Amino acid sequence: MHILHISGAITLLAGSIFLVLGALGVVRMPDPFNRIQAGTKATTLGTILVMSGLGMLHPSWLPKLFILIFFIVITNPISSHVLARVMHNLQVPLWSKKDQLSEEEE
Amino acid sequence: MKNLFIFSVLLFSVWVLLNASIDKSILIVGGFLSIILSLLFSKNRSIFSSIKISPKSFLYFFLYIFVLLIEVIKANFDVARRVIMPTIPINPGVVEVKTKLKSPVARLILANSITLTPGTLTVDIKDETLLVHWIDVKSTDLEKTTKYIAASFEKYLEVIYG
Amino acid sequence: MVETIINISMGLIILAGLLGSVRFFIGPSIYDRVIALDVLTIISISLIALLSHVAGRALFLDIAIVYGLLSFIAVLAISRYLERGL
């Protein structure tokens, strides 16, 4: 019982570290497409780990946590894909190494 | 018919998980509701009818989830590595990927899986071509990108969806 | 021991929320703000689930489920509006 609690807390900690890394990626990446990449992936695994850690702490909550994980894994890629499609259709420019060297070059 | 069956099983399992009990009354009400709802909403939709129900596709479904989980974990360490570095090592670009899958649901699942794998993000689907934003472009050749990005998932999805 | 680790991870999730709000406020384009909103809602779902552990009630998990579904629809509505107007 005690071991289960400690491993649940450590899983929670790992999940929150991934959430921080995802948010840091959203702040640091240079253009909207890369921000979506960092935001989607890191936050998906972060949330899955937080929910699994809670499941280890409270085994009776597992069904609801499972539904939360299911919805997040399904909806998170779809919303980022829709945003990416909108940006692609409205021709948001991609970041490239050339831009940093000379602003004029296409 | 298969469409209706899978839809009501899905609704019923969500209902049971939400209630978190297998009381007799809850099961009866849930069964009624899921059959009525699936009759109402799956009349002209056939999104699940291309799924093959067989032991082999069931096994491949679980294998697929396992492969996806490993890819998601790899993707996270990839993102973490890129974010922590002082100068972000990226070389982004949009490449095309061709898919062999016919069924719309299989394409949807493929697109979502590509979004969750390391460094790739599905931007758009036109018929058989997927536009993929790649954070670190290694090649723009159609064959190579398809092999690198989509092949590992297509192998399993082809068995589950005919 | 367990409670200490949980407090640390709660602090980390709040830090993630603050970082997300930085992008939300300085984001040069509307897309950056929508991305930041998307990330912020997912972080808040984790925070609500963690709060349900602190309060010891499973009721908050229902709120987290509804919040997650609503935020998904919100992002879809905003992107549709950006693409062709309502």
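Below, read A as the first sequence line, B as the second, and so on, with proteins coming before strands; counting in each chain starts at 1. Here the structure is a predicted model, which means the values were calculated and not measured.
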Original post:
Got a donor-acceptor contact below 3.5 angstrom from the C:R23 side chain to the C:A36 backbone?
Top reply: no
Original post:
What closest approach, in Å, do A:A23 and C:G20 show between heavy atoms, and which atom pair accounts for it?
Top reply: CB-N, 4.1 Å
**OP:** Apply the side-chain contact (heavy atoms from CB on, under 4.5 Å) test between A:S79 and each candidate in A:L83, A:T75, A:N76; give the one that qualifies.
**Re:** A:N76
Original post:
If you tally heavy-atom pairs under 4.5 Å against chain A, which of C:V75, C:V39, C:I35 wins?
Top reply: C:I35
**OP:** State, with a plain yes or no, whether a side-chain heavy atom of C:Y31 is found less than 4.5 Å away from one of A:L90.
**Re:** yes
**OP:** Name the region of C:I73, side chain, backbone, both or neither, that has any atom closer than 4.5 Å to a heavy atom of chain A.
**Re:** neither
Original post:
Got A:H58 and C:H53 here, is their nearest side-chain heavy-atom distance under 4.5 Å?
Top reply: yes
**OP:** Determine the option with the most heavy-atom pairs under 4.5 angstrom with chain C, choosing from A:L68, A:I78, A:V82.
**Re:** A:L68
Original post:
Using non-hydrogen atoms only, which part of A:L24 is less than 4.5 Å away from chain C: side chain, backbone, both, or neither?
Top reply: both
Original post:
C:S21 versus chain A, heavy atoms under 4.5 Å apart: side chain, backbone, both or neither?
Top reply: neither
Subject >> Under 4.5 Å from a heavy atom of chain C, the part of A:L19 involved >> reply: both
**OP:** Sort A:I67 into side chain, backbone, both or neither according to what part of it lies under 4.5 angstrom from a heavy atom of chain C.
**Re:** side chain
**OP:** Check the side chains of C:N7 and C:T4 for a donor-acceptor pair under 3.5 angstrom, ignoring hydrogens and angles.
**Re:** no
Subject >> Side-chain touch C:L82/A:M87, heavy atoms, less than 4.5 angstrom >> reply: no
**OP:** Return the option, out of C:S71, C:S52, C:G68, C:G56, with the maximum number of heavy-atom pairs under 4.5 Å with chain A.
**Re:** C:S52
**OP:** Measure distances from C:V2 to the heavy atoms of chain A and classify the residue's part below 4.5 Å as side chain, backbone, both or neither.
**Re:** both
Subject >> Which portion of A:V50 sits near chain C, non-hydrogen atoms under 4.5 angstrom >> reply: side chain
Original post:
Taking only residues two or more places apart in sequence or in another chain, which ones pass side chain to side chain contact (heavy atoms under 4.5 Å, CB included) with C:Y67?
Top reply: C:T41, C:S44, C:I45, C:I48
Original post:
Relative to chain C, which segment of A:L54 carries a heavy atom at a distance below 4.5 Å: side chain, backbone, both, or neither?
Top reply: side chain
Original post:
Which one of C:I42, C:I43, C:L76, C:L40 has the most heavy-atom pairs closer than 4.5 Å to chain A?
Top reply: C:I42
Subject >> Which of C:I78, C:I26, C:L15, C:V34 touches chain A most, by non-hydrogen pairs under 4.5 Å >> reply: C:V34
Original post:
Is any side-chain heavy atom of A:L49 less than 4.5 Å from a side-chain heavy atom of A:L12?
Top reply: no
